[in-house]
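We number each residue from 1, following the sequence as shown.
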Amino acid sequence: MKSEFDYNLIKVLDAVISAGNVTKASQRLSVTPAAVSIALNRLQGFYQETLFVRGRTGLVPTVKALEVHGRFCQAIDLIKTALKPEIKDTEQNNITLLGGDITENYYLSQIYDDKFFERFSFRHYSNRNREKAEMKRLLVMEECDIAISHECNNDSDFECKAIDSFKHFCVICGKDNLLSELSQLSLHNFFSAQHAVFKANDCPEMTIEDDNLYSNHVDVKERRVIGYKSDSLTGLIGIVERTQLIALIPLKVAIFFKNQRKYNINILQLPREMKVRQMNVYASWYKRNTKGQYIQEVVDMLHTLSAFRH
């Protein structure tokens, strides 16, 4: 039995067909490409015939998609007309998150799956190659509303709240990886394999607690062999999915990408002797931001969503 149709999907369909690809459509809608892709998958669930195929320049609508779009055009015009008087009232519901790839493809993806999406319009602003002073300026000037980072902002002009904590970790590998038949890796498995490593501004590089780890294990004295490093979470998981590389990532991130994003990966337990230091994630915002009430609601919601993913 199909769920009730979400009329926001009409706007997404129109944007993708008009713009020609997911990236441009996301810019028109002020959401992330990941959110547009999720919306298209939801829309596809209402139709047996394929709506889009991949072409050289992006997604190409099928005859069925154009037929559906034509039927929706009149509804789109009516929606636009109905929303015009409400523009001023909804401006404060536009929230911009400043963060990296994990903000866009993990936290925002969870928001778009929640009914909270109906109340707010979210935009992602990349923190790539930005200094701390520049990120603070963006928050003070209200060009961005919330910064997501692994560092707690102790500046007296800012509010800061922990929204997530990564306590449990695992190793992921592709279904065709030689290690995929195992449920738990040995130290030899872990250190002899080539690793894909995620490193980004909003997520610190994971540090292994290796006190006394090597003293009785001569054959695994060497550190991890890095075969790939990226600040793109989807890029890292994608390369692991297609190759013999493995990656050490937080368990709940792995479960999310396996179950919700449908990546073809296996989740393996770490060697018994190994522990990974806990990683905290914080949301910070300017105290005098005019959207203060809405920002607090969004931060509380992010914390609640994270609490459900143990």
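Salt-bridge check for E143 with R137: passed, with a basic side-chain N closer than 4.0 Å to an acidic carboxylate O. Electrostatic pairing of D300 and K161 counts as a salt bridge here, judged by a charged N lying under 4.0 Å from a carboxylate O.
Scanning all heavy atoms of the two residues, the minimum distance from N127 to I148 falls at ND2-O, 4.3 Å. The shortest heavy-atom contact between Q44 and L51 is OE1-N, 2.9 Å. Scanning both residues, F256 and S109, for their nearest heavy atoms gives CZ-CB, 3.6 Å.
Here the OH atom belonging to Y294 is positioned 12.0 Å from the CG atom belonging to N289, to the nearest 0.5 angstrom. C173 SG to I267 CD1: the interatomic distance, rounded to the nearest 0.5 Å, is 10.0 Å. In this structure, L245 CG and Q194 CD are separated by 6.0 Å, a value rounded to the nearest 0.5 Å. To the nearest 0.5 Å, the span separating CG on D101 from CZ on F198 amounts to 5.5 Å.
For H124 (side chain) and L108 (main-chain N/O), no donor-acceptor pair under 3.5 Å exists by modelled atom type. No donor-acceptor pair closer than 3.5 Å links the side chain of S230 to the backbone N or O of G235. Remark: the backbone N or O of N94 is paired with a side-chain donor or acceptor of K291 at under 3.5 angstrom. The backbone N or O of R123 sits nowhere less than 3.5 Å from a side-chain atom of E104 that would complete a donor-acceptor pair. The backbone N or O of L178 sits less than 3.5 Å from a side-chain atom of Q244, completing a donor-acceptor pair. Here the side chain of S165 pairs no donor or acceptor atom with the backbone of K167 at under 3.5 angstrom. Side-chain N or O atoms of Q184 include none that pairs as donor or acceptor with a backbone N or O of L268 at under 3.5 Å. Counting only distance, with no hydrogens or angles, the side chain of N105 and the backbone of T234 share no donor-acceptor pair below 3.5 Å. Remark: the backbone N or O of D157 is not paired with any side-chain donor or acceptor of K287 at under 3.5 angstrom. A distance-only check finds no donor-acceptor pair linking the side chain of E159 to the backbone of S284 [under 3.5 Å].
Under 3.5 Å, the side chains of Y286 and R288 contain a donor-acceptor pair of N or O atoms. At a cut-off of 3.5 Å, with distance as the only test, no side-chain donor of E151 or N153 sits close to an acceptor on the other residue. Counted by atom type alone, E142 and T290 present one or more donor-acceptor pairs between their side chains at under 3.5 Å. A donor and an acceptor atom, one from each side chain of D164 and Y107, are located under 3.5 Å apart. Checking N177 against N266 by side-chain atom types alone, no donor-acceptor pair falls below 3.5 Å.
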Given ring pair (Phe, Tyr, Trp, His ring centres under 6.0 Å), test H195 with Y228 step by step and report yes or no. CA-CA 7 Å; H195 288 248; Y228 179 84; over 10 Å; no

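Between Y106 and F257, the ring-plane angle classifies as parallel under the 30° and 60° cut-offs.
Residues L179 and L270 fall within the same hydrophobic cluster, defined by Ile, Leu, Val, Met, Phe, Trp and Tyr side chains chained together at heavy-atom separations under 4.5 Å. Tracing side-chain contacts under 4.5 Å through hydrophobic residues (I, L, V, M, F, W, Y), one never reaches L302 starting from F158; they form parts of separate clusters. The same ILVMFWY cluster, assembled from side-chain heavy atoms under 4.5 Å apart, contains both V16 and L66. A single hydrophobic cluster is not seen to contain both L139 and M135; linkage of ILVMFWY side chains at heavy-atom distances under 4.5 Å, directly or through other members, places them apart. When the side chains of ILVMFWY residues are joined at heavy-atom separations under 4.5 Å, either directly or via intervening members, V36 and Y47 end up in a single hydrophobic cluster.
Counting non-hydrogen atoms of neighbouring residues, nucleotides and ligands closer than 6.0 angstrom, the CG atom of D155 exceeds 12 such neighbours.
The side chain to side chain contact (heavy atoms under 4.5 Å, CB included) test with I146 is passed by exactly one of L98, I163, V299: V299. Partner of F166 under the side chain to side chain contact (heavy atoms under 4.5 Å, CB included) criterion, out of K252, R277, Q278: K252 alone.
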